[in-house]
Amino acid sequence: MQNELVSEIYETLLGKIGHLHWWPADTPFEVVVGTILTQQTKWTNVEKAIEALKMSDLMEPEKLADADVEQIEELVRCCGFYRQKARRLQDIAGFFATEGMDNIFSLPTDELRKIMLSLKGVGNETADSIVLYAADKPKFVIDAYTTRIMKCIGIEGNYMQLQSLFEAGLPSDVPLYKEYHALIVEYAKNYCGKKQCEDCTLVHRFREKEVNNG
DNA sequence: CGCCAGGGCATCA
DNA sequence: TGATGCCATGGC
């Protein structure tokens, strides 16, 4: 039942928006940096900060870990919460510099997720974004947009419940997970206001289906 | 000027 | 488990 719904939403979004090439980055570590910086911030700000870090030759775990935190603060200031983010970035960089990113990313998916969650500044969404977009392992990312859209359609749940719902309704496929999450974000950004859903044709479509079915 | 952005954490009930 | 306040800059 709900498994079909998950697939149908994907097909609808894909037809409406088309394929996206999301989260372009030169290295997996750059993706990790992006997951922290993008928290509660627009991606255009993150691009500036990433570029600034690269210009300062800090886009490597060892170099970022050894940098002055004040310098990192200035480079990521445009992303907001810059004092927290600078310290958290440095902590994570230190972790990867010590453990070796290849070693960490070759761990089993669930183990990797747990380790990422143990880092300060890494919650459910950021951990899953790292697992999926940096380590290329199948974990479906749930964000505020996903929660909002599903609630509009009539399905509520906490993070893990929604993640289980999506993963149960889809083949365990990394490119699919990546694109689906990207489609949800792109759709919601343009069509779903925080309060009103009047322009949300996706919601209308599935509400009609629901009415017709029962 | 007010609102919100691809969250997470400490604190409290 | 769930709700609340806080972190903070930038764009519209």
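All values reported here derive from a predicted model rather than from experimental measurement. All values below were derived from every heavy atom in this structure, side-chain atoms included, with hydrogens, water molecules and symmetry-related copies excluded.
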> At under 4.0 Å between heavy atoms, what does A:Ala144 touch on the DNA or RNA strands: base, sugar-phosphate, or nothing?
Replying inline: sugar-phosphate
> What residues, two or more places apart in sequence or in another chain, satisfy ring-ring contact (aromatic ring centres under 6.0 Å, His included) together with A:Phe29?
Replying inline: none
>> Output one letter per nucleotide in nucleotides 7-12 of chain C: B when a protein non-hydrogen atom lies under 4.0 Å from the base, S when only the sugar-phosphate is that close, - when neither is.
In response: BBSBS-
Extract from the structure each pairing of a protein N or O with an N or O of nucleotides 9-13 of chain B at less than 3.5 Å, listing the distance.
{"unit_1": "B:dC9", "atom_1": "OP1", "unit_2": "A:Gly121", "atom_2": "N", "d": "2.9"}

Contacts under 3.5 angstrom, residues 114-123 of chain A side chains, donor-acceptor by atom type, not counting sequence neighbours:
{"unit_1": "A:Ser118", "atom_1": "OG", "unit_2": "A:Ile115", "atom_2": "O", "d": "2.5"}

>> My understanding is that only residues two or more places apart in sequence, or in another chain, count here; which of them pass ring-ring contact (aromatic ring centres under 6.0 Å, His included) with A:Phe96?
In response: A:Phe105
>> Among residues at least two apart in sequence or on other chains, which ones pass salt bridge (Lys or Arg N to Asp or Glu O under 4.0 Å) with A:Arg83?
In response: none
> Tell me, which of residues 125-141 of chain A have any heavy atom that sits under 4.0 Å from an atom in DNA chain C?
Replying inline: none
> Considering only the P atoms, how many Å lie between C:dG10 and B:dG8, rounded to the nearest integer?
Replying inline: 22 Å
> Sequence neighbours excluded, which residues qualify as ring-ring contact (aromatic ring centres under 6.0 Å, His included) partners of A:Tyr177?
Replying inline: A:Phe140
>> I'd like to check the salt bridge (Lys or Arg N to Asp or Glu O under 4.0 Å) partners of A:Lys48; sequence neighbours left out, ordered by chain and number.
In response: none
> Is A:Glu30 paired with A:Lys54 through a side-chain N to carboxylate O contact shorter than 4.0 Å?
Replying inline: yes
> Is it true that the side chains of A:Ser56 and A:Lys63 contain a donor and an acceptor less than 3.5 Å apart?
Replying inline: no
>> Between A:Gln39 and A:Thr126, is there a side-chain donor-acceptor contact under 3.5 Å, judged purely by atom types and distance?
In response: yes
> Between B:dG8 atom P and A:Met116 atom CE, what is the distance in whole Å?
Replying inline: 14 Å
>> Pairing donors with acceptors under 3.5 angstrom, does anything connect the side chains of A:Asn124 and A:Arg113?
In response: yes
> Atom NZ in A:Lys42, atom SG in A:Cys78: separation rounded to 0.5 Å?
Replying inline: 13.0 Å
>> List the residues meeting salt bridge (Lys or Arg N to Asp or Glu O under 4.0 Å) with A:Arg88, not counting sequence neighbours, and say none if there are none.
In response: none
>> Without decimals, in angstroms, what is the distance between A:Ile142 CD1 and B:dG7 P?
In response: 13 Å
> For A:Asp68, which residues count as a salt bridge (Lys or Arg N to Asp or Glu O under 4.0 Å) partner, sequence neighbours excluded?
Replying inline: none
> Between which residue ranges does DNA chain C form stems of three or more consecutive Watson-Crick or G-U wobble pairs, both distances under 3.5 Å?
Replying inline: B:2-5 with C:9-12, B:7-13 with C:1-7
